[in-house]
Amino acid sequence: MAKLTKAEQKWIDDAQAVLNRCPSKRLGFYTIGDLSVHVYNLDQKDEVFALVDKGKHDFHQATKATDADFYESLDFPSQVESTAG
């Protein structure tokens, strides 16, 4: 098993503590597999998923088409892999 350094573990713990203080239930997040985790309005998730389910748009395109995208992102120091499962 890979091991974190004490400094790395502290950074992860600090980042998690900040995320736990989120002041809203409407912030949704997604990545397309780059350095960024993008923020969208979770209140509009049904509209976003409807476009995705119809095969009309990829997720990130659907957030923009439904005006659900806040055009804000959290930028990480390395690639955020986009995976499933």
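These numbers come from a predicted model, not from an experiment.
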Looking at [atom1] of [X] and [atom2] of [Y], how far apart are the two atoms once the value is rounded to the nearest 0.5 Å?
X: Gln9; Y: Asp14; atom1: CD; atom2: CG; value: 10.0 Å
X: Asp75; Y: Asp34; atom1: CG; atom2: CG; value: 8.0 Å
X: Leu4; Y: Ile12; atom1: CG; atom2: CD1; value: 4.5 Å
X: Glu47; Y: Asp67; atom1: CD; atom2: CG; value: 9.0 Å
X: Trp11; Y: Gln16; atom1: CH2; atom2: CD; value: 10.5 Å
X: Gln44; Y: Asp69; atom1: CD; atom2: CG; value: 10.0 Å

Intermediate values then yes/no, side chain to side chain contact (heavy atoms under 4.5 Å, CB included), Thr31 and Ser82: CA-CA 6 Å; Thr31 186; Ser82 179; 4.3 Å; yes
Do you know the tightest heavy-atom contact between [X] and [Y]?
X: Ala62; Y: His57; value: N-CB, 3.7 Å
X: Leu35; Y: Val80; value: O-CG2, 4.0 Å
X: Lys3; Y: Glu8; value: O-OE1, 4.4 Å
X: Thr66; Y: Thr63; value: OG1-O, 3.4 Å

Considering only heavy atoms from C-beta outward, does the side chain of Phe59 approach that of His38 to under 4.5 Å? no
- prompt: Is there a path of hydrophobic side-chain contacts, each under 4.5 Å between heavy atoms of I, L, V, M, F, W or Y residues, that connects Phe70 with Leu42?
  reply: no
ask   = Can you get from Tyr30 to Val39 by hopping between Ile, Leu, Val, Met, Phe, Trp and Tyr side chains that sit under 4.5 Å apart?
value = no
Taking Asp58 for the side chain and His60 for the main chain, is one N or O donor matched with an acceptor at less than 3.5 Å? no
Check your understanding: Do Tyr40 and Phe29 have ring centres separated by under 6.0 Å?
Key -> no
Considering residues, nucleotides and ligands other than Glu72, do more than 12 of their heavy atoms fall under 6.0 Å from its CD? no
task: Tell me whether the guanidinium CZ or amine NZ of Lys64 lies under 6.0 angstrom from the six-membered ring centre of Tyr71 and within 45° of its axis.
output: yes
